[in-house]
Each structure stands twice: as structure tokens, then as C-alpha cells.
Amino acid sequence: MQSNDKDLEKITGEVDAVQYKSDDRTFAVTMINIGDELLKVVGQLGDVEEGEEIVCMGNYVDHAVYGRQFRCVYCERSLPTSAAGIRKYLSGGVIEEIDRALAKKIVKKFGEDTLEILENEPEKLTQIEGIDLKTAKKMSEKFCKAFTVRSLISSFARFSLSTSAAVRCWKCLGDDAEKIINDNPYILTSEAIDIPFQKADEIAAEIGIPRTAEKRIHAGMTAILRRAANDGNTAYPLDALRSEVCPFLGIDEITFRKELDQMVSDDEIYLFYKGHEAYAMTPELFGAENYIARRLSIMSELSYDTEVDFSEVIDLAEEENGIEYEETQRKAINLALSKGFLVLTGGPGTGKTTTLNAILSLFEQQGLEVMLAAPTGRAAKRLSDLTGHEAKTIHRLLEVKASDDLGPISFVHNENDQLGCEVLIIDEMSMVDSCLFASVLKAIKINCKLVLVGDSDQLPSVGAGNVLHDIIESGVMPVVTLTEIFRQAQQSTIVTTAHKIVKGIQPDLADRSGDFIFMQRNGYTEINKLLVELCKTRLPDAFGYDPLTDIQVISPTRQGPCGTVELNKLLQEELNPPMAGRSGVKTKLFTFRKGDKVMQTRNDYDILWKRTDEDGNVEEGTGIFNGDIGIVTQANKILMTLTIDFEGREAVYTLEMMQNLELAYAVTVHKSQGSEYDAVIMTIADGFGRLSYRNLLYTGVTRAKKLLVVIGSIQQFRMMIQNDRKTLRYTCLKEMLTGSDGDPPAS
């Protein structure tokens, strides 16, 4: 067994009792006989059974109630070899047809050969009274299936891969998983299994697969492209790919070109040309952007401008609502009604909501079925509050399709089962990535009216793509940009500061008369000290803000002393410290306690949740998504589970599910996008150069509704305003939309 953690201890023993197993059969609480004592062992032990022999790597911990126990990190399991151990193992229910009495009979007859007979000669079991051939074969099948997972877990443990990774692999590859892996370990790097390339490379080296093998090079290239996608790129310059792949895999350029050509021929990689420069794309991302381009082009042709002037209708709406729309707002409303195909953009205070409400109301007056959506739960709730109409997350609108496999996500609503809406309005479009937007377009009818609302000056989506920016730049959809700041909004220094930032104008940081306050502090220690004071006492005492629900700390980065990882540990210690009755569940990065504010960091479509309304009616559903924030209501240290309330949706998390969970007292600017908070505290420290750009600062500033406090370096703040370099993303959507064919240039 290998481990990267030299502090882990090792124990060996036989499973005496299994006290608890999680529903996904990965986490267990057991009693292990280690020779001279019974030891409680908890952790990722898999579907462990009584009688098994087990080797665990982990640490001893002292629990306040349950005393000394061993927290297992990695384990190797093997089947019992003694007759007594085999009897205990079979009596534990591993094969439901074998109870204690039958286990005793079988082991009495076959002794230490029992498991060998179960696996390879099940017909001999018919020698036992009450077992026919059909039952014997069924017993053998179930034993072999259990053995497959157990063997896979042991194999993974040798490379310090978790039990949950082994179970995920088995779910994806089935009972032949080990055989498939031995043939091609690089299948482990697929998106469904998601094991790092370096780990697959270790396994391949042990098996004896040459470093020049085609399967290794193809997997390595794909790994680089997937890493680029994780950074937001749907495409990657071919020259950059070559310069990374060759040293990464230890191959020359001739080999690179040969294998690239093969992957292109096999549709494993697509090449798209912008002029003379080639870009490499994965099939999924090429397919998404190509579909968006084709579909929007067709919709643009169908949504011709009726050239009907709706000015009189807008006049009536003004009179009815007591509102006077400014010229650009009227243009947007008129265009939405006459063409039904529109991008509406603008910064805070420019009247996007007022314009959107007018468009929505007039569409409904025409008798059209309108649906509203936004990329996140918080953004959808905000859209509902602003319009008075139900808005759903895009995932909820499209309905995630239940599936047992671990392949790419699919939706109920697609080309074959489209939504019934005649108008679709999507807010916060800057957050929508290429794959998700392609799924949206597949789910709406070709003649559906489409209104995309967003702020193009904000950061692009967390997922790969730069959809809103590329659509605006292409000119395929009419764009109306609202720029006039309305009188009421002009009274907010948050709004006026945001607009100054976009224009590259330096605000007066000495002015503390409004709702934006800059507090200069030099050095991480000073910044963090003030941050704690503001969250814990000063803002709650001055304004009555709740540190959990009203105040959100944001930072440009995860890393460093002022990054969210360290800020979360600091704020947790101050706002929710350990104490009697407040147990915690420890993961690799955090200890989660009852009362903690947490965030989901990756879409998980399988998490079950329940919501109970005021009348006691229970709604059940699945899916907790990237950016969802909740409060831990229960933390079970023994079962290693958390119960989390996500704004009324209650979900139970196992230890494996917590891999995609973080504390959320502080979140990155990227993760805060699409949300608004009463009070925002933003840290701006020196030393995060690559994140020092204008649209990141602008996005952070516009998260605050009532109060914005920025703590840190004036020099860094001013430098971010001066740096108008947009977040660089490689995409091909703009060129696809403008008609570039993507073919290589003529030689």
C-alpha cells in the first residue's frame, strides 16, 4: 500500500462487526479484531463484511462520547481464509440467500475451500440439502459481483485512490472493470471516472504499458484539453497544445503530429481554423458551440423584424404603471415585441429590471406562454422577486434526466421533448457556459422568442465558454445596451463606483458618505483582523446584519492568506468555533460543524433533497448545484454525515459528497456571481497579479445591495481599474456565428 501522507498509521485485523454502512456502501463503522483488542474503525471501507481480513491506513482519534477510534483513509481488504472467518463472512448477509444456519452447513461441508467453490464450482453446493442448481448459480453470481468491487477497492488503495473512486469506476465500467483497466488504464481519466492522468500513468507503468503507447498519448492530449476547459476555454491553440503535450508526455513533435492526425481522423479531437491559426477542441465542446451557431443563425432568419411600431402600446404601459421609459428602454421593448430575438445588457441602476418587466408584461398581454430562467438558484430567486413571476434554474427548467450511468448529464427536455413556452427569458447570461446554452436551445422550439439578459462587463461563466460576449461580438442577435443611470440609483455610491470602474475612472476612495466604503489596510494580518471585526461585531452592531445570512465576504482568489480557504478557516473559528454539542465532520480541507455556512462547488445531479412547506406538505427532488449556499443543521461525527439546509431544501451529505463542499463564509468573486447580498466585504490584497483586472473588481462590487466595504491596498484597487484586460478565453463561437467555416487555409 502506498500513501502520500507519511503521518498515517497502519493496522491489520479481522472485521468482527459492521455497525453502520452508508447508503452508497462506501462509508462504514466497524469493530476490528486487531489481535488483543476490538478497535472501532470508521471511514471509507467500502461494502465491508464481517469476517473479512483488512489492512487500514489512517490515524487514531479520541471522540468525546465514543472514545478511542481509528479513522481510516485507505484500506485493503481480502477474503477470510479460515473456516471460522468464512462462516462469519457468509453469515453477515453478503449473499442474501445464505443465512447463519445455511452458512454453517456450507462451511461444515467444504471448510476452507468454500469460497473457491462459490466462485468456480457452484454446482457442488447442490450437495447441501435445500440448494438447487438455480439457487447455487445465483449465489455464485452475487458472490462474484461482491468480489469484483472488493478487488477493485484493494487495487485502487495501492495507488492511494479512494474507495469512492473505486465504486465510481465499478458503476461506470461494470463487473469487468479490472479487465478493462488492465487493458487500458487511461480509461480512468474519462470525465465520468475523473481520476488524474498522473494516477492512471502510475497504474499503466506498473502494468508495463510503454510511454510511447498510442492510448497514453491520446489520453494525455485529452487531459490537457480538459484542463484548458476547466480554465474556461472551449478551444486551445494548437501551438500551445503541442508545447504542453510534448514535455508532459516526453514525446517529440513528429509523434505529436502523427497521433494528433489519428485523433482528428477518429473524431477524438476537432480542429477549427481562425485564419491561419488552428484550435483544438474536444468533441463535446465543438459540438456545443457548433450547435449554438447553427441554431441561432436559423432563429435569426425566422425572427425577422415585423417592423410594427409598438410605441402606442408602450405609452399605455407607461400610463398604467406610472413609469416613463427612457429612449433606449423603449427601443429594447419595441424590438422585443417586433422581433422577439434580443440581447439586453447594462450595468446596475440602468433599468434592466424595469425594461424586462415591461417586456414580460406585454408578451403576456399578447397571450404568449413565457418562461423565465437563470443559471443559479440565487439568481432565479432574485429574478422571481424582481418580476413577480416564477423563475427556475436552467437545470430545473430542462429537468435533469435520472440515469444510473456516470456519463455526461442529459435533460428530459431536448429536441425530442421540447418546452411548451413561446417566449424564453434568461437572466444572468454571462454565467451560462457553452454546453448549457446548447442544451437550452435544443429544448426550445425553433420559433420560440428569445430574450437574453446580462451584464457583459461581468466575469464570464465558470464553465467553458464566453457565450454572452461572443454572441454580442458576432452581431447575430440585436443588442440593446442600457447606459443611463436613473436618479434613484445615482444616490448609491455602489452603483456610481461600479460605473466608474467600467469606464476606467478612479473613484474617490476617501469619501465615506455613501454605501461604498474603502478601508485601507496594508498586509494580510491587518486586513484579516479588520475583516473579523466587521463580520463579528461592527456591522451586526451598527446595522443589525446577521453574519451568516446578510454579510458575504468575497475575495479574488482561493489561495494565500487573504484567499477564501484561509479566510473561511479564520471566520469559522471566530463565528462558529468548536464547543460542546457542536460536533464536526473532518474532510481533507475543512471541518464542517453544525451552524456552518457552506457552498456546493460542483453540480451534483444525484443528491436527494426534501422541502417541507408551511402546511407540512413534502416536496422531494434531486440536484444541488455549483454555487448553492446552505447552512449545516446537523453534523454526525460517527456516521460522517451532514444535514444541510439549502434555503428550504434539506439534503444529507455523506463523506464522499463532501468532496464538493466548502465553507462559504468567504467565497471567490467567481462563485458570488449571480448573487446579491445586503452587505459585501471584499478583500483586495497585494500579490495576486493574474487576477488584477477590471471586470473581476466590477463583478465583486456589483454583488452588494445595501453596503460594500473594500479592505486592502489602494494601489492594488487602482491597478485593477487600470487593467482592462478581459479574462482571456479561447473559444470559436464568435467565428462560427459570423460564418467562418473553420477549415484549414488553402496551401
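Hydrogens, waters and symmetry mates are skipped; everything else that's a heavy atom, side chains included, is used. Small disclaimer: the values here were computed from a predicted structure and weren't measured.
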Just by distance, do the side chain of [X] and the backbone of [Y] share a donor-acceptor pair under 3.5 Å?
X	Y	value
D596	V598	no
N568	T564	yes
D515	I494	yes
T633	T643	yes
Q506	R718	yes
R71	V42	no
Q572	T591	yes
E289	L733	yes
H499	P348	yes

Students often mix this up, so state it plainly: with edges at 30° and 60°, are the rings of F516 and F717 parallel, tilted or perpendicular?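 F516 vs F717 ring planes: parallel.
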Minimum heavy-atom separation for V585 and L642, please, with both atom names.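 Shortest heavy-atom separation between V585 and L642 comes out as CG2-CD2, 3.8 Å.
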Which heavy atom of L567 sits nearest to which heavy atom of A666, and what is that distance?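 Shortest heavy-atom contact: CB-CB, 3.8 Å.
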Under 3.5 Å, which donor-acceptor pairs link side chains of residues 526-535 to any protein atom two or more places apart or in another chain?
{"unit_1": "N528", "atom_1": "ND2", "unit_2": "P561", "atom_2": "O", "d": "3.2"}

Check the surroundings of atom [atom1] in [X]: do more than 12 heavy atoms from other residues, nucleotides or ligands lie under 6.0 Å from it?
X	atom1	value
R602	CZ	no
K706	NZ	no
F625	CZ	yes

Just how far is it from atom [atom1] of [X] to atom [atom2] of [Y], taken to the nearest 0.5 Å?
X	Y	atom1	atom2	result
T612	E620	OG1	CD	9.0 Å
T702	N695	OG1	CG	10.5 Å
L459	Y698	CG	OH	11.0 Å

Hey, are [Y] and [X] close enough side-chain-wise for a donor-acceptor pair under 3.5 Å?
X	Y	answer
N466	T731	no
T699	Q458	no
S430	D455	no
N660	T601	no
D686	Q715	no
N626	K671	yes
E484	T328	no

I'd like to know if K381 pairs up with D385 as an ion pair, taking the criterion as any Lys NZ or Arg NE/NH1/NH2 lying under 4.0 Å from an Asp or Glu carboxylate oxygen.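 Here K381 pairs with D385 in a salt bridge, since their nearest N and O are under 4.0 Å apart.
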Pair K500 + D508, salt bridge at N-O below 4.0 Å: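 So K500 does not pair with D508 through a salt bridge.
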Show me the pairs that pass salt bridge (charged side-chain N to carboxylate O under 4.0 Å, His left out) and involve residues 640-651, at least two apart or across chains.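 Listed once each, the pairs are R378-E647, D628-R649.
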Which residues pass the salt bridge (charged side-chain N to carboxylate O under 4.0 Å, His left out) test with K536, not counting sequence neighbours?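 Counting only residues at least two positions away or on another chain, K536 forms a salt bridge (charged side-chain N to carboxylate O under 4.0 Å, His left out) with E574.
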